[in-house]
Amino acid sequence: KKQQEQQERAKARAADPQRREDDRTSSDPSRSAEDQEKFMLARRARKDQEREQEFAAFRQRVVNAPTMVLDGEWGPAMNLKELESSVNQLCLCFARNLEADTPVNMVMTGLRPGTRYLEEVQRIFLRGMDKPVTIVGDPYIDLFPRERLVYLSPDAEEDATDLDFCDPEVIFVMGLVADHGRVSGGSARKAALQGIRARRLPLGDLCGMSKGRDFVLTMDQVFNIVIDRRGGTSWLEALKKHVPERKLLRAPQSAPVVKSWHSENKAHIFRRRRLLRAAAAIAWLALWARLWF
């Protein structure tokens with residue numbers, strides 16, 4: 001998938017005459033240092049203008065879109081490695097939301113000044129990424145009506161098939177926590193204590209996955225599924241696209257999950273490995289016998 005994305009970007013770059021001219025000019029050894037500096041400043045200004053136009057188009061697309069609250073109150077529950085993993089997943093969510101045809105309004109809540117998570121997020125924007133999110137220090141429960149909140153939790157009893165991901169009145173909540181660093185059942189208990197709804201993705205009903213750790217997905221995987229559902233993709237197609245294959249234990253007969261070559265030929269691969277090991281053992285014994293006798 002990454003190779004395909006790189007090839008698409010390379011094709012887009014080759015099809016853009018301005019980019020081809022930039023590449024040719026930037027590598028021209030006959031240019032003076034002053035001309036090269038002017039060229040770099042002009043290219044930077046043009047890229048800033050293009051980025052501003054893209055961001056203006058993004059702001060138009062999120063008009064009347066539902067809100068996705070990113071719950072930052074889980075920061076103290078993570079160690080440094082888990083926090084870095086969570087921030088990396090958050091960057092993927094930002095990038096997908098910016099390029100999506102049907103994005104959501106992203107609001108990060110519970111990030112108090114001075115917290116490590118807030119510092120990491122601010123460092124992202126210092127690297128030049130556009131700010132497609134509103135950052136608020138107060139918890140979401142004090143900002144939005146409880147009846148509009150829906151916490152997306154892998155431990156919820158009810159699934160999310162009854163939710164309308166295009167309804168601007170619905171406010172979805174997703175915890176900013178790495179999947180391997182979560183507290184078991186924590187998000188569902190939090191939703192119950194706050195008196196708000198909790199829903200899980202229909203992984204068991206549509207993909208046949210066992211409830212437990214298999215239900216836990218990364219933040220970017222959950223976010224991608226939500227964006228696809230907003231775009232009209234069916235639940236099954238969205239789950240097949242973003243749920244790791246190792247977690248797909250079985251699929252409904254009406255719409256089987258596409259398996260990789262490795263999973264289809266697993267028995268052949270294991271048999272071949274056993275034969276190779278047996279051949280190596282025989283060759284080693286023959287060599288040992290020849291040296292000994």
Side-chain angles (χ1 to χ4, degrees), residues 1-13 15-16 47-72 85-109 121 124-125 127-136 140 144 148-152 160-179 199-203 206 217-244:
K1 183 178 179 181
K2 291 183 179 179
Q3 291 179 353
Q4 183 178 1
E5 293 177 353
Q6 292 175 356
Q7 292 175 357
E8 292 176 354
R9 286 196 295 266
K11 290 180 180 179
R13 189 177 187 88
D16 189 346
K47 287 186 176 181
D48 291 342
Q49 184 179 5
E50 292 176 355
R51 186 162 51 245
E52 182 59 32
Q53 292 175 353
E54 294 175 357
F55 203 55
F58 166 76
R59 287 192 291 265
Q60 290 293 328
R61 295 198 303 273
V62 296
V63 175
N64 297 326
T67 300
M68 172 68 78
V69 173
L70 305 174
D71 181 15
S85 175
S86 176
V87 171
N88 290 335
Q89 296 171 24
L90 186 63
C91 290
L92 297 176
C93 295
F94 289 159
R96 176 64 196 280
N97 200 46
L98 281 172
E99 67 181 13
D101 295 331
T102 54
V104 296
N105 290 293
M106 302 180 73
V107 180
M108 296 181 66
T109 63
V121 171
I124 296 173
F125 299 127
R127 292 201 300 262
M129 176 179 283
D130 292 320
K131 192 176 180 181
V133 61
T134 302
I135 302 178
V136 184
Y140 62 86
F144 304 101
R148 296 176 56 189
L149 293 170
V150 179
Y151 212 114
L152 300 178
T161 53
D162 62 330
L163 297 179
D164 183 5
F165 289 91
C166 296
D167 186 1
E169 295 299 318
V170 180
I171 301 174
F172 303 99
V173 184
M174 181 173 64
L176 289 179
V177 57
D179 58 341
R199 294 290 189 273
R200 57 174 171 80
L201 302 181
L203 298 173
L206 296 182
L217 303 178
T218 60
M219 289 161 35
D220 56 295
Q221 290 167 355
V222 175
F223 188 81
N224 283 328
I225 292 172
V226 171
I227 293 297
D228 282 3
R229 284 292 297 150
R230 276 188 40 75
T233 306
S234 66
W235 271 113
L236 186 59
E237 290 298 324
L239 294 175
K240 284 167 54 178
K241 184 178 179 181
H242 299 293
V243 175

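A distance-only check finds no donor-acceptor pair linking the side chain of Arg200 to the backbone of Ala160 [under 3.5 Å]. In this structure, Asp101 contributes its side chain and Gly231 its backbone to no donor-acceptor pair below 3.5 Å. Looking only at distances, a side-chain donor or acceptor of Gln221 sits under 3.5 Å from a matching main-chain atom of Thr218. Remark: side-chain polar atoms of Asp220 are not paired, donor with acceptor, to backbone N or O of Leu90 under 3.5 angstrom.
The OG1 atom of Thr67 sits 5.5 Å away from atom CD1 of Ile171, with the distance rounded to the nearest 0.5 Å. Atom NE2 of His242 and atom CD of Glu237 lie 10.5 Å apart (nearest 0.5 Å). Of the inter-residue distances, the one linking Leu239 atom CG with Ser234 atom OG reads 8.5 Å to the nearest 0.5 angstrom. Here the CG-CD distance, from Leu176 to Gln89, works out to 9.5 Å after rounding to the nearest 0.5 Å. With rounding to the nearest 0.5 angstrom, the CG atom of Leu70 is 10.5 Å from the OG1 atom of Thr134. Distance check: Phe144 CZ to Leu149 CG gives 7.5 Å after rounding to the nearest 0.5 Å.
Counting heavy atoms from C-beta on, the side chains of Val107 and Thr109 come closer than 4.5 Å. In this structure the side chain of Leu236 never reaches within 4.5 angstrom of the side chain of Lys241, judged on heavy atoms.
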#### Entry: Chi angles and distances behind the side-chain contact (heavy atoms from CB on, under 4.5 Å) call for Val243, Leu217
CA-CA 7 Å; Val243 175; Leu217 303 178; 4.1 Å; yes
### Task
Could you walk me through whether Val104 and Val62 pass side-chain contact (heavy atoms from CB on, under 4.5 Å), step by step?
CA-CA 6 Å; Val104 296; Val62 296; over 6 Å; no
### Task
Could you go through the side-chain contact (heavy atoms from CB on, under 4.5 Å) check for Ile227 and Asn97 one step at a time?
CA-CA 8 Å; Ile227 293 297; Asn97 200 46; 3.9 Å; yes
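Contact record, Met219 with Gly175: CG-O, 3.7 Å, taken as the closest heavy-atom pair. Residues Met174 and Met68 approach most closely at CB-SD, 4.0 Å, considering heavy atoms. Across Met106 and Cys93, no two heavy atoms sit closer than the pair CE-CB, 4.2 Å. Between Pro103 and Ala65, the shortest heavy-atom distance links the atoms O-CB, 3.5 Å.
Partners of Asp162 under the salt bridge (Lys or Arg N to Asp or Glu O under 4.0 Å) rule, at least two apart in sequence or in another chain, are Arg199. Residues satisfying the ring pair (Phe, Tyr, Trp, His ring centres under 6.0 Å) criterion with Phe165, sequence neighbours excluded, are Phe172, Trp235. Applying the side-chain hydrogen bond (donor to acceptor under 3.5 Å, both in side chains) test to Tyr151 and every residue at least two apart in sequence or in another chain returns Asp71, Trp74. Take Glu169 and apply the side chain to side chain contact (heavy atoms under 4.5 Å, CB included) test, not counting sequence neighbours, and it matches Arg148, Asp167. Here Arg96 pairs with Asp228 under the salt bridge (Lys or Arg N to Asp or Glu O under 4.0 Å) rule; sequence neighbours left out.
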